[in-house]
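Just so it is clear, the model here is predicted, and its values are computed rather than measured.
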Amino acid sequence: MMKKMSISTSKTSLVLFLCQIISALDVPLDLSQPPTITQQSPKDYIVDPRENIVIQCEAKGKPPPSFSWTRNGTHFDIDKDAQVTMKPNSGTLVINIMNGGKAEAYEGVYQCTARNERGAAISNNIVIRPSRSPLWTKEKLEPNHVREGDSLVLHCRPPVGLPPPIIFWMDNAFQRLPQSERVSQGLNGDLYFSNVQPEDTREDYICYARFNHTQTIQQKQPISVKVFSMDSLNDTIAANLSDTDIYGAKPVTERQPVLLTPTGSTSTKVELRGNVLLLECIAAGLPTPVIRWIKEGGELPANRTFFENFKKTLKIIDVSEADSGNYKCIARNALGSVHHVISVTVKAAPYWITAPRNLVLSPGEDGTLICRANGNPKPSISWLANGVPIAIAPEDPSRKVDGDTIIFSHVQERSSAVYQCNASNEYGYLLANAFVNVLAEPPRILTPANKLYQVIADSPALLDCAYFGSPKPEIEWFKGVKGSILRGNEYVFHDNGTLEIPVAQKNNAGTYTCVARNELGKIQNEVQLEIKDPTMIIKQPEYKVIQRYGQVSFECIIKHDSTLLPTVTWLKDNDELPDDERFLVGKDNLTIMNVTDKDDGTYTCIVNTTLDSVSASAVLTVVAAPPTPAIIYARPNPPFDLELTGQLERSIDLSWIPGDENNSPITSFVIEFEDALHEPGVWRYQTEVPGSQTTAQLKLSPYVNYSFRVIAVNRIGRSQPSEPSEQYLTKSASPDENPANVQGIGSEPDNLVITWEPLKGFQSNGPGLQYKVSWRQKDVDDEWTSVIVANVSKYIVSGTPTFVPYEVKVQALNDLGYAPEPSEVIGHSGEDLPMVAPGNVQVHVINSTLAKVHWDPVPLKSVRGHLQGYKIYYWKVQSLSRRSRRHIEKKILTFRGNKTFGMLPGLEPYSSYKLNVRVVNGKGEGPASPDKVFKTPEGVPSSPSFLKITNPTLDSLTLEWGSPTHPNGVLTSYTLKFQPINNTHELGPLVEIRIPANESSLILKNLNYSTRYKFYFNAQTSVGSGSQITEEAVTIMDEAGILRPAVGAGKGYSEILFATSPVMHTVRPTFYKVQPLYPRIRNVTTAAAETYANISWEYEGPDHANFYVEYGVAGSKEDWKKEIVNGSRSFFVLKGLTPGTAYKVRVGAEGLSGFRSSEDVFETGPAMASRQVDIATQGWFIGLMCAVALLILILLIVCFIRRNKGGKYPVKEKEDAHADPEIQPMKEDDGTFGEYSDAEDHKPLKKGSRTPSDRTVKKEDSDDSLVDYGEGVNGQFNEDGSFIGQYSGKKEKEPAEGNESSEAPSPVNAMNSFV
């Protein structure tokens, strides 16, 4: 047999090896094999509701597998849904949403099964959920008036989306609001001010929520903040008081920190293994507090810890169970500090230790499938065979299940199957398919024959021999066609058949033969290996300094294998060369002509072949031409001539001579020391002295062989260290200190482990460092027991009683004596499991979902450890209403400390439970108390599972319902209530019907035709009524098209008459789709300016409806004014409104029984007192202009007559002499009169652009066009007419006040670049 060796450390060989290992597991597709899932959608699959849903499921097998799906645990028949198709030769589902489907209708849990005659593989449970980006909830935001220096929190409260949105704050100009240590955004999206300043005053704090999945952005209404400074407040007070009054607001006072979030002194957080842990602390205070983070009893993990948001957020990536613990944030300023402790617990969803792998066996062979996973809590392992729990799967005599392992013995062909391992806990699950394929196949080699491998000399060579066979073939390698078998340390033989030559030489080239054999046959294959010379750069580019406008050349001469074709590439600063004709690339050089300053940089020559790559770099420095002398500032030269004087046992004097300061004064000297006795070669900081000082007295420790060096520092940097001084060995002495952090904690019930932090080398003060460890049992008249140990960090005392207190101390000593007497610490010997279970367990059922458990505490001596608390194990035995047992899932509640009672919340009503109680110490749990049985009483049921209203006719509707998911008792009856709804959404009389509990459908007759009804439905137990489910439906129109009078007409609804029979029929009707609930006009919104308002609405109903808008002054008894909307638009602009006036508005549809929306009220902006009067609408101005026009007309006629008579009239001279400034100028190109320009904006006066004097809206003015409104409502419209932001074009400039929208602008495209 060939010797198997470990894989090479070469990265190339490792990658290839892993790839080949994976391919070696594959059974060739021309052989029979069970299905294997090759591709599937993620477990949690969030889809775009606007696009088709594609649920992937691909599998391979022989014969090709067939596919089926389940949805929510039941078979999903795709043939019955026209919107769902399955791709050919695939299991992938395509749900057509873009052609009429609704994504919400396909929410659920999907699972794919791929099946052939050899088994069935299943996919993960794929949870389909459409993404959601809801609108912001409307709210009235009051301005924030804050005193300077106070803290402030602006709440964002974004809408809950799927997935959650990204939050950011901006202003009206779509600029990010600046953030700092004082002002920052929290993890919840709120904006926190540690203290406000006058510059924080503004009216456009806007919170934005971006939903990435649907690429939409929602914005909150602007928030106004007004900061009152103390100076302005004092001025206001002074203006209102007499000279004799004492006035003056208190100045801005500094305040010590207070935490804004989180609140309280402690909190808890649970995070999952592998996730990112985010902890946040934001504090108020003046001056602004600084945040610092520590982990109690440990260090923050290196390389995984990051601080964000000005250190207010602690971020730890890839957390593990070791990251559990208490994290403390400390907020500090000059006046004090405050802290908060967050207790972090890291749990873990299941993760693989050993995932099951496909097993190929020959008849009669043995094998195992192993499935091992870990998690917190530890996951449970369950097996399935062909998608069926193995306990109910067809028996296989060759199969034995042993926990996480399935053992196969003497398998036969019928043993082929696909096994699924499911590892799950409360945080997730893992599902793996692994098949057992029983085949009898002679060997086959999958690597192509005579494959050529080429490698560079002294590199690893990997020769592939991919194979398959059953039983598994043995692989042997030979060199040459008839060479001997390869053995020895020169080669590495991998399990997948690959031959590795770790360091290939020229003599390794040649033909290699791979032989695969098993009991059914033998096969061989030959491959070729060629060894190439490495590529080298024998003349590398060199560092060059060139004057500006000169010429420079870099050489790059190479040597390479004659059979390889090299390519040479030049880079500048790791990027392509500039596209400049000054750069000339030759065969073996790069030349730069007419060098400029921008040519300064690093130039790299890269040589590539198909097998290797080499590179070399050089720096080009461009200097001025000619160079001018300049002052050079540099680091100082190192000090020299170090001298030791005044040697004493604990001090010494060091002096030195400073080096050249290089035009920058020396600011300080740093002195370092080396201990050649304990840490040779390690230099440590000793002290630092001012730059004006050249001597220092240094404190010394005993038994240290000192040498010193000095480093000079100026503003440019630090000098090189000076040469070391002579060595000085201080005398030995007894230790000055004892070990720190002494503890006594037992690791076993019969021992005491004493630990300490050993002294460092220079702390020993002399040779022969040892420790005297002493202990004695506390509260017992006992002598100290002592032992002297070597320089270690722990000592174990054996044979101690279980969990008793001990006094412990550790004293340092060396050859010269003992350290001072150490202090004593209290420890305990090891804990053991508690011996006694809690007694007298009593259960008091408080209500149907809550119970109180009492027990007697166990004696403290029987705890045998630190009492941590009690645990209650409880589980539901069965539901008393359904009498069906279910999988027992035990739940645990832990009660800390020495408690004698606990509450059990969240119980299910009308159920039988069992529980027991156990005491807990540091070692674990004690025995359980006897199981206690208790029952919860009945409760009210949940709402019925569904209510469907189908089969509408002229006077009847069919209702069907499902029983409550949680009856919580014995159902006694159902209650149905319903009432009609008229066109103005007024409700008619309520009718109530009591229905027996065993019914599931009902036909209501004698209803009014073409009437909408609202239904309320709930279930009852003996305790009371459960929550109700509501639904609406309409009866159909009269087929003859004649509206028959209904009983109670004129009241807005029709009464429903019931006879004793046959009003109710419990039948199973055929299902039809409920008629749509229309017409309906809802969500009428207004955005008002000074003299006009934008009205928008949402409409549900028949196409091509003709809308109209009615409006009037709110509170007035005047008739409604009516405006017709052109086309079927869902928005309209009302013009000519009176400023500062409240209006009422409603929207209706013509030809739909006069159907109208509910009323909405809005108020126009106030009129501006400073606004100029438009003279174009004044009577005197119009008269004057008419007179001027008439005069010009007369002059033209006179000129025309005189010209026809041959006379001359100096019109131009007359006009020049009598120029009227009000006369309109003539256009130079065609001689026509120009349009009159408005004094405000100098733009043409258009028809309908002026408001009538009576402030009413003329029909010709109420045009639907929005072009003339630039800033009126400070917004623009969506395709559906909804108001979303500013218009792009501005027609006329409006005043600064009275025309602002209630919402800030939100152009989505402008903001996508910000996040």
Side-chain angles (χ1 to χ4, degrees), residues 266 268 297 324 326 343 345 377-378 742-755 774-785 796-809 824-846 850-875 877 888 890-905 907 913-935:
T266 61
T268 61
S324 296
N326 292 334
S343 180
T345 304
K378 187 160 185 71
V742 178
Q743 293 181 328
I745 302 173
S747 61
E748 299 293 339
D750 59 349
N751 74 8
L752 172 66
V753 180
I754 304 174
T755 60
S774 304
W775 69 92
R776 69 179 178 185
Q777 190 171 339
K778 191 175 182 296
D779 300 330
V780 175
D781 190 10
D782 200 357
E783 296 294 330
W784 287 95
T785 302
I796 301 177
V797 181
S798 302
T800 63
T802 301
F803 194 68
V804 295
Y806 276 86
E807 295 176 310
V808 177
K809 59 183 179 179
E824 302 167 4
V825 298
I826 304 299
H828 284 82
S829 56
E831 299 182 63
D832 204 348
L833 293 176
M835 297 186 299
V836 178
N840 193 25
V841 177
Q842 301 292 330
V843 181
H844 173 56
V845 178
I846 297 176
L850 180 66
K852 186 175 184 180
V853 183
H854 292 265
W855 62 86
D856 291 342
V858 300
L860 291 179
K861 289 186 177 180
S862 69
V863 176
R864 301 200 293 180
H866 294 286
L867 175 62
Q868 293 189 353
Y870 291 85
K871 284 187 177 180
I872 299 179
Y873 285 73
Y874 65 102
W875 61 95
V877 179
I888 296 178
K890 290 190 176 181
K891 299 181 180 179
I892 306 173
L893 282 178
T894 303
F895 299 91
R896 300 291 180 184
N898 193 16
K899 287 197 172 182
T900 59
F901 69 91
M903 308 297 289
L904 298 185
L907 303 176
Y913 280 86
K914 286 186 179 181
L915 64 79
N916 58 54
V917 186
R918 312 176 191 197
V919 67
V920 183
N921 66 10
K923 189 75 173 179
E925 301 175 1
S929 66
D931 290 349
K932 191 76 174 179
V933 179
F934 66 97
K935 299 179 181 178

- Let me see the working for L907 and F934 under side-chain contact (heavy atoms from CB on, under 4.5 Å), right down to the final yes or no. CA-CA 11 Å; L907 303 176; F934 66 97; 3.9 Å; yes
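- Salt bridge E807/K778: absent, no basic N to carboxylate O contact under 4.0 Å.
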- Task: Give the intermediate values and the outcome of side-chain contact (heavy atoms from CB on, under 4.5 Å) for residues F895 and T900.
- Result: CA-CA 9 Å; F895 299 91; T900 59; over 6 Å; no
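- A search for side chain to side chain contact (heavy atoms under 4.5 Å, CB included) contacts involving E831 returns F803, H866, N921, K923, not counting sequence neighbours.
- Judged by distance alone, with hydrogens and angles left aside, the side-chain atoms of T802 form a donor-acceptor pair with the main-chain N or O of P749 at under 3.5 Å.
- In terms of heavy-atom proximity, P801 sits nearest to S829 at O-OG, 2.7 Å.
- Counting only heavy atoms from C-beta outward, the side chains of L867 and V919 approach each other to under 4.5 Å.
- Taking both residues in full, the closest heavy atoms of M903 and L893 are given as O-CD1, 3.5 Å, listed atom of the first, atom of the second, then distance.
- The shortest heavy-atom contact between R918 and P838 is CA-CD, 4.0 Å.
- Scanning both residues, W855 and V853, for their nearest heavy atoms gives CZ3-O, 3.5 Å.
- T755 meets the side chain to side chain donor-acceptor pair (under 3.5 Å) test with no other residue; sequence neighbours excluded.
- Every residue two or more places apart in sequence or in another chain was checked for a side chain to side chain donor-acceptor pair (under 3.5 Å) with S862, and none qualifies.
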- Could you walk me through whether V933 and V877 pass the side-chain contact (heavy atoms from CB on, under 4.5 Å) check? CA-CA 9 Å; V933 179; V877 179; over 6 Å; no
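- Taking the side chain as every heavy atom from C-beta outward, N916 and D931 approach each other to under 4.5 Å.
- Here the options are Y874, W875, Y873, the test is side-chain contact (heavy atoms from CB on, under 4.5 Å), and the partner is I892; only Y873 passes.
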- Message: Run the salt bridge (Lys or Arg N to Asp or Glu O under 4.0 Å) test on D832 and R864 for me, step by step, so that the C-alpha distance in whole Å, both residues' side-chain angles and the decisive distance to 0.1 Å come before the verdict.
- Response: CA-CA 6 Å; D832 204 348; R864 301 200 293 180; 3.5 Å; yes
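- At most 12 non-hydrogen atoms from other residues, nucleotides or ligands lie less than 6.0 angstrom from NZ of K935.
- For the pair L904/V843, no side-chain contact is recorded, criterion being any heavy-atom separation below 4.5 Å from C-beta on.
- Residues A837 and S929 share a closest heavy-atom pair of CB-N, 3.7 Å.
- Proximity of K932 to K914: side-chain heavy atoms (C-beta onward) are nowhere separated by under 4.5 Å.
- Nearest heavy atom pair, residue T800 against residue N751, reads OG1-N, 3.2 Å.
- Using a 4.5 Å heavy-atom cutoff, the side chains of V797 and T785 are not in contact.
- Note that the CG atom of L915 and the NZ atom of K871 stand 15.5 Å from one another [nearest 0.5 Å].
- Residues E824 and W784 are in side-chain contact: their nearest non-hydrogen atoms beyond the backbone lie under 4.5 Å apart.
- Contact annotation: the side chain of T894 never approaches that of V920 to less than 4.5 Å [non-hydrogen atoms, C-beta and beyond].
- In this structure, K899 is not positioned above the aromatic face of Y870 in the sense of NZ or CZ being under 6.0 Å from the six-membered ring centre and within 45° of the axis.
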